[in-house]
There are 2 protein chains.
Amino acid sequence: MTNPTIVEVARLAGVSITTVSRCLNAPDKVGKKTLAKVRKVIHDINFSPNVLAQSFRRGRTNIILVVVHEIGSWLFADILEGIRAVVDGRYSIILTESRPDVTENGTFIDMLVARQVEGVILLCSPLPFSRKLIELAKSKPLPIVIGLEPVSDDLGQFPSVHIDNHQAAYDATQYLIRLGHVEILFVSGPKNSYVTKDRELGFIAAMRDAGLGMDGDRVIHSDLSANGGINSAIEILARPTRPSAIFCANDDVAMGVMSVAAKRGLRVPEDLSVMGFDDTRYAALTNPALSTVLQPARDIGVKAAQKLLQAIERPDDDAPRTEILPHRIVVRDSTALRR
Amino acid sequence: MTNPTIVEVARLAGVSITTVSRCLNAPDKVGKKTLAKVRKVIHDINFSPNVLAQSFRRGRTNIILVVVHEIGSWLFADILEGIRAVVDGRYSIILTESRPDVTENGTFIDMLVARQVEGVILLCSPLPFSRKLIELAKSKPLPIVIGLEPVSDDLGQFPSVHIDNHQAAYDATQYLIRLGHVEILFVSGPKNSYVTKDRELGFIAAMRDAGLGMDGDRVIHSDLSANGGINSAIEILARPTRPSAIFCANDDVAMGVMSVAAKRGLRVPEDLSVMGFDDTRYAALTNPALSTVLQPARDIGVKAAQKLLQAIERPDDDAPRTEILPHRIVVRDSTALRR
DNA sequence: CTGAAAGCGCTTACAG
DNA sequence: CTGAAAGCGCTTACAG
């Protein structure tokens, strides 16, 4: 029982395969009666074109690749939702994580070349990986859009969509300062991360502008996971002086910090204000509910997907390269006036 | 600048395209010197075969489809990690959510047929969707493996991998009963969900076996989201008598319940014990840390992927149909002796 | 508006 | 061990 092909359809409808093909791809170029006849046959024998043959012939796969840091975070899930809303029905999405064990072994890059994805949305661009991608883009044109992250110099050629991370961190820090906090620490991300570097600089700038010195280690680096938050908190609480506020580079880190605080009997926000970043779905559920900085995740996905489709389908249009989306400070219960 | 093809390689190496093809696919059937010569050319001109042509010719895509309820839950992320570990380098994964707006519009099923995915791992099987899938599997052979969920009668023909949800819920309920709780409620999932139905029955069985009546509405249905947990908790706390323990069908619901408890000034576990299900990554981070039932998520992914690959690659082998993985009660700080 | 024909880049019997 | 040739199922100039 082999699938019917357009040859079979043509035979049954008494037309040429060219006409059948046209009925599928450009029905307005076919006579009404012919179209009806062919469509009836297609329906009767439940024909659907072999997409493999179409892809091959057209040289197009209708697949895009989305690179995330880690599947399973709501931030990425929400961005993906936005991407999907834009590309749905036109492109399939293959998702990959940028963790070294996924990308380093080479099979991944091979697949990129091989599978002929038509474009890439990079929601994170760790260095060895992004370099490979850039090389790839040199040898064959590969539309790439950066989302979520600010663009490193290497990637400056590509369009991007993100918030002003520097300003957002500045605003959040300023908010804490206005609550009277002086001893504020920032739990940042990995040292090679461009996003958290921006946030770090925003934090530092706000501190400086408020006349608060940056004596001691006010910036702690973490891996942006809850565990990273836990480790950072343990390190912080082992110091001779305790900060009155900790600003975390994302919500997961903040949750880790709060869980340590709870275990040590520190009350949040009475003894310690904790601020997150991202406003993921769990932020409102923590106890106390987490104050944080909202990133418009779904919008980032939507805009990134739009830019990518434009780059794929109208490569000559000069698209605006960078788009900055608004952020917002979300005040909940984990931050309060300094006691 | 068009990509080189095997014709070009053959020309440069002075062999036939057949030989080039063999060098790629069955190198042991080629003479040593020829192989070396061809490989040198391939390397020199940086040739890589057109995968679109290969797929077309072979009639294989090397793509599998994974259907999840919602991207962005750690449960699914961990399962996916397991799947990926098994299929990596051999198959690409296309991920889709089973939410009605994604699956109902038909384009999704079309894509399923069209994209010629080679197999499906169903991590959730909501009814209208699974029915379509089953019909599809009738008209053309489509390997399907069910993971996470127990198998409904419709899907009984397919292999599956999951825990014994009935027993797991029974165990968790018994644990709460042994803590002295009598007024225990179960916040279940949607009424059409097979997984949570099993857990519901396990809960009821444990209550019965302990001689605790099932008077009143001891089972509340939710959508398995944190918001669902919030709504259920609000409903529960509006009742004339307050339970001393709430067992939730997943961790998200439990987090919702705990957040309401916190807002109402109810202390967990002193005033109310809360138990979750899944042991997702956030379970250990809640305040207090959540007692829950562990599902071996990564293992579920690994086993499901292994079963699928077997079904794809050795369709005649009679694979064991159902595999039950072990669960485990994880006791943390959200459950305590009844006061 | 319609059709005959070439061709996309591979793989795979078949023959030697 | 190697090659000539057919063919996978489409799309697309080209001609009428």
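So that the names make sense, note that chain A is the first sequence line, chain B the second, and so on, each numbered from 1.
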Margin query: Measuring only between side-chain heavy atoms, which start at C-beta, is B:V86 closer than 4.5 Å to B:Y91?
Written below: no
Considering only distance and modelled atom types, tabulate donor-acceptor pairs under 3.5 Å from the side chains of residues 67-75 of chain A, sequence neighbours left out.
| residue | atom | partner | partner atom | Å |
| --- | --- | --- | --- | --- |
| A:S73 | OG | A:L75 | N | 3.1 |
| A:S73 | OG | A:F76 | N | 3.3 |
| A:W74 | NE1 | B:G72 | O | 3.2 |

Next item on the list: Would you please enumerate the stems DNA chain C participates in, each stem being three or more consecutive Watson-Crick or G-U wobble pairs with both distances under 3.5 Å?
Entry: C:1-3 with D:14-16, C:5-12 with D:5-12, C:14-16 with D:1-3
Check: How many angstroms lie between atom OG1 of B:T96 and atom CD1 of A:I93, to the nearest 0.5 angstrom?
Finding: 9.0 Å
Next item on the list: Figure out the CZ/P separation between A:F56 and D:dC8, and round it to whole Å.
Entry: 13 Å
Notebook entry, point to check: Closest approach of A:T61 and A:S55, non-hydrogen atoms and distance?
Noted result: CA-OG, 4.1 Å
Margin query: C:dT2, OP1 or OP2 - any side-chain N/O from A:T34 closer than 4.0 Å?
Written below: yes
Check: Is A:D299 salt-bridged to A:K303, going by a charged N under 4.0 Å from an acidic O?
Finding: no
Checklist line | CD1-CD distance between B:I79 and B:Q295, expressed to the nearest 0.5 angstrom | finding: 7.0 Å
Note to self: Can you tell whether the side chains of A:E81 and A:R84 come within less than 4.0 Å, N to carboxylate O?
What the structure shows: no
Check: With the sugar-phosphate defined as primed atoms, P, OP1 and OP2, and the base as all remaining atoms, what B/S/- string results for nucleotides 10-16 of chain D, 5' to 3', for protein heavy atoms under 4.0 Å?
Finding: BBBB---
Checklist line | Contact check, side chains of B:K307 and B:I121, non-hydrogen atoms, under 4.5 Å | finding: no
